[in-house]
There are 2 protein chains.
Amino acid sequence: MNVKLFDTTLRDGSQSENISFSVEDKLHIAHKLDEFGIHYIEGGWPGSNPKDMLFFKQVQKETFQNARIVAFGSTKHAKNPVENDPNIRALLEAETPIVSLFGKTWIYHVEYALRVSREENLHMIGESVATLKAHNREVIFDAEHFFDGYKDNPDYAMACIKSAEKAGADVIVLCDTNGGTLTHDIAKIVRAVKSAIKSPLGIHAHNDSELAVANSIEAVINGCEHVQGTINGYGERCGNANLCSIIPNLQLKAGYYCIPDENIKKLTALANYVSEIANLTLSNTMPYTGKSAFTHKGGVHVSAVMRKPECYEHISPEIVGNKRRVLISDLAGKSNILFKSSELGLDLTSDKERIPEIVKRLKELENEGYEFEAAESSLELLIKRMKHEFPNFFSIQGFRILNEKDENAEIRSEATVRAKVDGQEEHTAAEGVGPVNALDKALRRALTKFYPEIEEMKLSDYKVRVINAWAGTSAKVRVLIESTSHGKTWTTVGVSENIIEASWQALIDSISYFLMKRHQKRETLET
Amino acid sequence: MNVKLFDTTLRDGSQSENISFSVEDKLHIAHKLDEFGIHYIEGGWPGSNPKDMLFFKQVQKETFQNARIVAFGSTKHAKNPVENDPNIRALLEAETPIVSLFGKTWIYHVEYALRVSREENLHMIGESVATLKAHNREVIFDAEHFFDGYKDNPDYAMACIKSAEKAGADVIVLCDTNGGTLTHDIAKIVRAVKSAIKSPLGIHAHNDSELAVANSIEAVINGCEHVQGTINGYGERCGNANLCSIIPNLQLKAGYYCIPDENIKKLTALANYVSEIANLTLSNTMPYTGKSAFTHKGGVHVSAVMRKPECYEHISPEIVGNKRRVLISDLAGKSNILFKSSELGLDLTSDKERIPEIVKRLKELENEGYEFEAAESSLELLIKRMKHEFPNFFSIQGFRILNEKDENAEIRSEATVRAKVDGQEEHTAAEGVGPVNALDKALRRALTKFYPEIEEMKLSDYKVRVINAWAGTSAKVRVLIESTSHGKTWTTVGVSENIIEASWQALIDSISYFLMKRHQKRETLET
């Protein structure tokens with residue numbers, strides 16, 4: 001059976017604390033959703049702010065393959081004739097083929113939020129739907145607070161959606177707006193509505209009880225054929241239903257068809273893309289798409305997974321474009337190191353006697369706060385150094401960084417570096433926007449003379465995490481630096497109580513790793 | 001109806017990527033769980049590592065009010081006589097009143113992981129349970145992979161748990177170990193087992209399909225009376241079922257009794273306490289306990305919530321010890337500022353004409369990367385400064401920080417500060433473990449002469465977030481500093497491309513806020 005997907009990342013998702021999309025961001029995301037196979041993209045609420053209206057202007061110039069753009073808005077205000085109602089007019093001015101219209105179905109809201117009579121509300125719903133239909137819009141009616149309304153007064157809640165159906169609504173979406181409904185109540189109510197309404201039904205769930213995905217799946221199983229949600233479950237309070245879990249649950253497990261099968265493997269990339277634009281770190285533990293979703297730590301699990309992955313994996317990570325990982329931790333041992341090394345292309349079979357030494361050193365470093373899961377390049381360098389296979393590209397005699405600020409003046413940061421390559425010393429200086437940037441610039445200046453290829457790499461991400469935050473400004477920090485060259489990225493780590501020292505370690509590893517890979521490649525090409 | 005709660009934060013939870021509890025950590029958490037009303041606390045796997053065995057030795061010296069401690073381990077190995085099996089012996093040596101014993105129920109695992117015959121596995125289960133019972137242990141039998149096993153071969157899966165029941169297991173826990181089972185399958189299988197087994201049933205769910213909470217609730221509704229999970233859903237891969245959502249769902253919504261009613265309001269504090277010890281930030285969007293769980297951003301929601309909170313809240317935040325928040329954002333306006341100000345105890349009613357100016361300034365700062373949700377003290381200072389109500393305790397003429405490192409030497413950080421109070425200048429210097437720590441020390445040295453009370457405050461948390469990480473080492477950073485004095489904490493914020501400048505802003509706000517509150521208090525006391 002087919003299920004239609006309605007994405008509201010750009011509208012409800014942008015209600016998340018800490019999310020603020022620009023019009024450009026929204027257009028980028030819309031194209032990704034389209035490529036992935038989403039059917040409806042809700043772009044915003046044109047009546048609520050000028051930024052959303054601008055989006056609808058811009059999006060008209062764009063072409064989409066699968067998706068159609070939806071404008072969101074409320075039923076008309078009681079006092080206004082429908083054609084002059086600012087909300088309805090804004091919806092029409094957005095010029096989208098589809099409109100998502102929300103109306104009240106819970107008496108409590110009719111009385112306390114709208115402050116109109118029950119009959120008036122039924123009339124507002126019917127007239128608003130009919131007007132939009134008269135303008136040739138496909139109308140999706142969002143029955144706001146439907147489950148709360150139904151539990152309170154099923155007859156009135158049903159009367160509301162029947163008013164929308166009678167006026168010609170194309171889909172009736174049952175919303176659990178406050179996210180408080182339990183799964184078996186969702187199932188029961190959807191079945192009751194299904195038996196009384198002919199229009200196709202949809203579900204819109206929120207995650208306040210940590211049930212949004214289950215509630216959406218149960219609603220589909222019990223008769224809904226349209227599912228609303230957001231990428232990564234972004235949304236107000238605890239978020240909306242997470243399409244990144246709903247889609248694989250429906251398509252890989254429950255036998256429904258949502259998007260072309262070959263697109264499912266874009267799921268992890270899509271989740272990361274949207275979190276990147278939202279400037280939020282995608283949680284490691286995110287089902288299907290998170291970095292830890294197929295990560296094995298315990299020793300028993302690891303040895304079993306290496307033989308038969310199905311032992312501890314509900315699906316193969318490749319299906320959703322994710323991958324299996326194995327952690328180096330005090331719960332594991334030699335088998336993890338072997339797995340990891342072979343993943344990194346390092347052959348330890350001829351160095352078996354070194355493994356206990358490597359495991360010991362890793363445990364020491366992890367105790368100090370290093371973390372190699374996110375910095376596999378530093379791990380690779382460490383193992384190579386312990387195997388004495390790492391060429392010494394340069395050595396550093398020392399550095400100094402001065403930060404100074406005088407009243408009413410901007411802060412200044414200046415660094416000097418003394419580096420040595422093949423016995424030749426370079427002493428360089430640079431200013432930067434901050435101490436680490438100044439250090440980075442001075443170091444590059446010192447090394448570029450010997451290794452001009454360094455200009456091909458750049459630092460693309462800089463992360464700082466305070467490890468023992470309770471120690472205040474003397475807390476230990478972990479710095480992760482991600483670098484990029486010709487589309488390839490690698491991450492290195494540094495740890496210290498001194499943020500300059502931690503950044504320095506990650507910086508040195510980043511450049512060392514780049515030089516190692518470049519020179520390996522050259523050797524390979526030359527031999 | 002009563003439901004027993006089984007917490008495995010200390011065992012399965014510690015399988016999370018990035019979690020590593022010390023024995024001390026585990027003891028602290030165990031006491032919090034006990035106070036909260038958890039019935040069973042699974043402390044670790046004594047057979048798997050020395051740290052877990054040490055925990056069981058230590059915990060015997062402790063007293064608990066509600067909870068009993070559980071040791072976890074596997075059934076005996078096929079080759080060993082049960083009394084000599086190292087796993088069973090380690091379980092007995094842990095000397096806990098209760099043992100949680102896991103055994104295989106899925107033929108796939110029996111064949112590929114254990115590599116024994118089906119009959120042998122049944123025998124291993126029965127003999128292991130019987131031996132533990134003979135040593136007077138309460139035995140909780142964890143039927144690993146039960147749902148996958150049942151879907152594959154219901155007769156064999158049932159035979160396994162019947163073997164445990166026959167040998168005297170006190171509870172049979174049905175585990176969805178890989179977290180791949182859909183909610184309606186959980187419900188159906190639990191009903192089938194319930195009709196065939198007399199022992200009390202439990203549920204152990206994982207979150208790989210984002211269904212762990214729903215699966216646990218449905219299992220209870222269909223006959224389980226024992227629920228396993230972890231605080232904040234910590235656990236391997238995507239985590240275990242989150243007890244912090246399961247408990248309020250069961251007790252506030254589904255009519256079950258788990259813990260004393262008055263303890264439910266400790267839920268948010270418990271979630272934060274455990275995340276603090278795990279050194280993980282509790283996700284804002286966590287249902288019930290997250291900072292955003294009762295946070296309102298959209299203008300329509302905010303004005304409705306201010307009149308009637310039930311409009312957009314599934315429960316009152318106070319019930320679970322959380323609180324309502326309103327965000328200052330481009331989606332909102334004056335009503336948010338008024339709500340926030342009155343929350344901060346600032347009276348803006350006599351300054352109504354200043355509100356648009358304040359809203360404008362806040363929007364500018366938020367565009368630059370400031371975030372006041374987490375730093376309300378900086379917001380309070382900002383509003384006071386704009387109202388010209390902020391006393392000038394000190395001014396800073398300037399500072400310098402030198403970081404230097406020479407080959408084979410430790411890095412050194414030294415700061416000098418020039419400060420002025422009442423026309424008198426102080427010029428001080430200090431070394432620190434890093435640049436910000438040196439600056440903090442030099443600044444305190446300069447101000448303590450005039451304000452000795454500064455010694456009563458200390459910096460308790462230091463957080464750094466890179467805002468536009470793609471800019472590498474020239475990215476903008478946001479620094480949050482939390483300070484503490486006599487059990488009260490406050491947080492301030494600074495933003496800059498230069499981490500020293502950002503830290504400086506937060507540091508100055510932190511001390512200014514403390515002095516303001518101290519002097520306000522003195523005034524109040526003196527008048």
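Residue numbering restarts at 1 for every chain, and letters A, B, ... go by the order of the sequence lines.
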Notebook entry, point to check: Checking A:Ala415 against chain B: side chain, backbone, both or neither under 4.5 Å from a heavy atom?
Noted result: neither

Between [atom1] on residue [X] and [atom2] on residue [Y], distance to nearest 0.5 Å:
X: A:Ile217; Y: B:Glu210; atom1: CD1; atom2: CD; answer: 9.5 Å
X: B:Lys308; Y: A:Glu111; atom1: NZ; atom2: CD; answer: 10.0 Å
X: B:Leu439; Y: A:Lys405; atom1: CG; atom2: NZ; answer: 10.5 Å
X: A:Glu501; Y: B:Asn403; atom1: CD; atom2: CG; answer: 10.5 Å
X: B:Leu182; Y: A:Leu252; atom1: CG; atom2: CG; answer: 10.0 Å
X: B:Lys420; Y: A:Glu407; atom1: NZ; atom2: CD; answer: 7.5 Å

Checklist line | Residues that A:Ser16 engages under side chain to side chain contact (heavy atoms under 4.5 Å, CB included), provided they are two or more places apart | finding: A:Ile19, A:Tyr234

Item checked: With B:Tyr108 via ring-ring contact (aromatic ring centres under 6.0 Å, His included) - residues at least two apart -> B:Trp106, B:Tyr112

Indicate yes or no: at least one non-hydrogen side-chain atom of [X] is less than 4.5 angstrom from one of [Y].
X: A:Arg237; Y: B:Glu313; answer: no
X: A:His184; Y: B:Ile221; answer: yes
X: B:Pro435; Y: A:Ile499; answer: yes
X: B:Ile411; Y: A:Phe399; answer: yes
X: A:Arg400; Y: B:Asp406; answer: yes
X: A:Pro287; Y: B:Asp208; answer: no
X: A:Val464; Y: B:Val477; answer: no

Note to self: Would A:Leu402 and B:Ile401 count as a side-chain contact (heavy atoms from CB on, under 4.5 Å) here? Give the steps.
What the structure shows: CA-CA 6 Å; A:Leu402 179 71; B:Ile401 308 173; over 6 Å; no

Greatest number of heavy atom pairs closer than 4.5 Å to chain A - which of [options]:
options: B:Ala214, B:Ala293, B:Gly233; answer: B:Ala293
options: B:Thr183, B:Asn249, B:Leu211; answer: B:Asn249
options: B:Asp52, B:Asn178, B:Thr285, B:Ile396; answer: B:Asn178

Notebook entry, point to check: So, are A:Arg325 and B:Glu17 salt-bridged, with charged N and O less than 4.0 Å apart?
Noted result: yes

Most chain B-contacting option - heavy-atom pairs closer than 4.5 Å, from [options]:
options: A:Gly290, A:Ser245, A:Ser496; result: A:Ser245
options: A:Ile315, A:Thr295, A:Val479; result: A:Thr295
options: A:Asp185, A:Thr181, A:Val213; result: A:Val213

Next item on the list: Kindly give the heavy-atom pair with the smallest separation between B:Tyr288 and A:Cys238, and that separation in Å.
Entry: N-SG, 4.4 Å

Notebook entry, point to check: If you look at every heavy atom in B:Lys253 and A:Ser209, which pair is closest and at what distance?
Noted result: NZ-OG, 3.0 Å

Next item on the list: Check each atom of B:Glu310 against the heavy atoms of chain A and say whether the ones under 4.5 Å are side chain, backbone, both or neither.
Entry: both

Next item on the list: Answer with side chain, backbone, both or neither: which region of B:Ala187 has an atom nearer than 4.5 Å to a non-hydrogen atom of chain A?
Entry: neither

Next item on the list: Check whether any side-chain N or O of B:Asn498 sits under 3.5 Å from a backbone N or O of A:Val433 as a donor-acceptor pair, and report yes or no.
Entry: yes

Check: Would you find a donor on one side and an acceptor on the other, under 3.5 Å apart, between the side chain of B:His109 and the backbone of A:Cys311?
Finding: yes

Next item on the list: Indicate the ring-plane relationship of B:His145 and A:Tyr312, choosing parallel, tilted or perpendicular according to the 30° and 60° boundaries.
Entry: tilted

